[in-house]
Amino acid sequence: MKQFEINRSTLFFLGIFAFIYIFPLLLLSNVYYADDVTRAINGNYWDHENRLMSNVIMKILSFDVRIKDFFPYTIIFSGIVFSISGYLVSQILKIEKNNTFKISALLLLTSPFMIENLAFRYDSPFMAISVMSAIIPFYRNFVENKLRFVIVTLIAVLVIFLTYQASISIFIIMTLFVAINHLYKDDIKKAFFIILIGIMASIGGFVIYKFLLFITNSPSVGRDKFVFFNDDVFTILKHNTQAVYDLICLVFNYHYLIGFCFTILAFLYGIYKLLKKQLKASNKVLIILFLLLIPILIPLPLIVLENTYVNPRVMIGFSFIIYAMLFLVSKYSQKLTTYISL
């Protein structure tokens, strides 16, 4: 069994790039963003957000008193973890598979929405841990062994809920990516096994998470409640959808779309190549369906949850829209994936 393929030179490259990218944030040592202000003044943890693991880890590091500020180490740690997570995504999806230094590995860290995640000196390490937890189970070391895969996915989902719940969309997307890989190999049984385990892990992890909230008498904040159980469901859905639309428009403006055109064209050509490929029609339909689901899954939690904050940091999975396109492009041209990543 092959181990994680990340050598010292690759790790050094990812670490150096992450440090350079976050360096402007390190210069703002006297600037506190949003939640950081409250934590710095009141010393509060994440009790009101039900992030039990984040609480436990930070209380240990802070000796169970007021939360301590570990800036700049928290931001440096987050930048490196996000970079390594991006590298693992490229490895799992076999993007730039012949390159030691994968440019696509940096897409997660450099997502236009990610800068807000990195700016939070208290929250960012747990956001990074949550994202990596959503990715690691799909590395082949775990996927190749059914029992190991079941156990690791369940633990991963639980960690996501206990650290930063928004990353669950990344876990679902990674499930679809791995399923698509098996559909390309005409192994529909393995594809649906992966999806089944992903669904079971999501439900099982959520149930355990709710049980932990119950036994710890954690407050109900509404961020784990779906709008469908609210009497005013359509009003809330409309409000959340409009808020998400306004947020996305901050990035997808006219100028950004012009720069994005080449990637979209390469993706559409990948669809054409897929349709020409010798593969069952049902597999082709499922591959296209799963790929088109990915842009919907990223903002979906913001829309269907009753009480949520629609802001850039919750769009933590935005870069996976680009990974989805690169994933299809890599099936016919690895070199083109490098150019697009640049």
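Reckoned from all heavy atoms, side chains included, excluding hydrogens, waters and symmetry mates. Bear in mind the structure is a predicted one, so any value in this text is a computation, not a measurement.
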- Query: Do Ser130 side-chain atoms and Phe126 backbone N/O form a donor-acceptor pair below 3.5 Å?
  - Reply: no

- In Å, rounded to the nearest 0.5 Å, how long is the span from OG1 of Thr110 to CZ of Phe82? 12.0 Å

- Task: From the options Leu93, Leu107, Thr338, select the one residue that forms a side-chain contact (heavy atoms from CB on, under 4.5 Å) with Leu326.
- Result: Leu107

- Message: Could you tell me if the side chain of Thr163 sits less than 4.5 Å from the side chain of Arg51, heavy atoms only?
- Response: no

- Note on the structure: Nearest heavy-atom contact between Pro112 and Ile115 is O-CG2, 3.8 Å

- Task: Is it possible for you to say whether Tyr245 and Phe234 belong to one hydrophobic cluster, with membership spreading through side-chain heavy-atom contacts below 4.5 Å?
- Result: no

- Would the number of heavy atoms belonging to other residues, nucleotides or ligands and lying under 6.0 Å from NZ of Lys273 be above 12? no

- Message: Under a 3.5 Å distance rule, please check whether Ser167 uses its side chain to pair with a backbone N or O of Ile160 as donor and acceptor.
- Response: no

For residues 184-205, tabulate all N or O donor-acceptor pairs below 3.5 Å that involve a side-chain atom, not counting sequence neighbours.
unit_1: Asp186; atom_1: OD1; unit_2: Asn283; atom_2: ND2; d: 2.9
unit_1: Asp187; atom_1: OD1; unit_2: Lys190; atom_2: N; d: 3.2
unit_1: Ser202; atom_1: OG; unit_2: Gly198; atom_2: O; d: 2.8

- Query: Any side-chain heavy atom of Leu14 sitting closer than 4.5 Å to one from Leu106?
  - Reply: yes

- Query: Under the side chain to side chain contact (heavy atoms under 4.5 Å, CB included) criterion, do Leu108 and Met114 qualify, and how do the steps go?
  - Reply: CA-CA 8 Å; Leu108 181 60; Met114 188 63 77; 4.0 Å; yes

- Message: When you compare the side chain of Phe120 with that of Thr74, does any pair of heavy atoms fall below 4.5 Å?
- Response: no

- Flag the pair Tyr269 / Tyr332 as yes when their ring centroid distance falls below 6.0 Å, and as no otherwise. yes

- Message: Could you check whether any side-chain N or O of Lys238 sits under 3.5 Å from a backbone N or O of Val233, counting only pairs where one atom can act as donor and the other as acceptor?
- Response: no

- Closest approach of Phe70 to Leu61 (non-hydrogen atoms, all atoms of both residues): CZ-O, 3.6 Å

- Item | Glu96 (side chain) donor-acceptor with Lys335 (main chain) under 3.5 angstrom | no

- Would you please say whether a donor-acceptor pair under 3.5 Å links the side chains of Ser90 and Ser104? yes

- Taking the side chain as every heavy atom from C-beta outward, state whether Asn117 and Tyr164 have any atom pair closer than 4.5 Å. yes

- Leu279 and Ile287: CA distance, side-chain angles, deciding distance, side chain to side chain contact (heavy atoms under 4.5 Å, CB included) verdict: CA-CA 11 Å; Leu279 199 63; Ile287 290 170; 3.9 Å; yes

- Query: At their closest point, which heavy atom of Thr153 faces which heavy atom of Val150, and how far apart are they?
  - Reply: OG1-O, 2.9 Å

- Item | Contacts of Phe138 that satisfy ring-ring contact (aromatic ring centres under 6.0 Å, His included) - sequence neighbours left out | Phe149, Phe171

- Message: Using the rule side-chain contact (heavy atoms from CB on, under 4.5 Å), only one of Ile136, Ile129, Ile135 pairs with Met132; which is it?
- Response: Ile136

- Item | Ile92 versus Asn181, closest heavy-atom pair with distance | O-ND2, 3.7 Å

- What closest approach, in Å, do Leu336 and Phe262 show between heavy atoms, and which atom pair accounts for it? CD1-CZ, 3.6 Å

- Would Lys102 and Gln91 satisfy side chain to side chain contact (heavy atoms under 4.5 Å, CB included), going step by step from the backbone distance to the final call? CA-CA 9 Å; Lys102 302 177 189 295; Gln91 283 280 78; 3.2 Å; yes

- Item | Minimum side-chain heavy-atom gap Val157-Leu154 below 4.5 Å | no

- Message: Restricting to non-hydrogen atoms, name the atom on Leu109 and the atom on Ser83 that form the minimum distance, rounded to 0.1 Å.
- Response: CD2-OG, 3.3 Å

- If we only count heavy atoms from C-beta on, is the Tyr209 to Leu158 side-chain gap below 4.5 Å? yes

- Message: Working to the nearest 0.5 angstrom, can you tell me the gap between Ser169 OG and Ile316 CD1?
- Response: 8.0 Å

- Check for a donor-acceptor pair, side chain of Ser330 on one end and backbone N or O of Phe327 on the other, with a separation under 3.5 Å. yes

- So, do Phe101 and Phe13 have ring centers that fall under 6.0 Å from each other? yes

- Beyond-backbone contact of Val89 with Ile95, side-chain heavy atoms, under 4.5 angstrom: no

- Pair Tyr139 and Phe142, ring centroids less than 6.0 Å apart: no

- Message: Would a single hydrophobic cluster contain both Tyr73 and Ile22, if residues Ile, Leu, Val, Met, Phe, Trp and Tyr are joined by side-chain heavy-atom contacts under 4.5 Å?
- Response: no

- Task: Please report the C-alpha distance between Ser319 and Phe113 in whole Å, then the side-chain angles of each, then the deciding distance to 0.1 Å, and finally whether the side chain to side chain contact (heavy atoms under 4.5 Å, CB included) criterion is met.
- Result: CA-CA 9 Å; Ser319 58; Phe113 290 112; over 6 Å; no

- Message: Below 30° counts as parallel, above 60° as perpendicular, anything between as tilted: where do the rings of Tyr21 and Phe17 land?
- Response: parallel

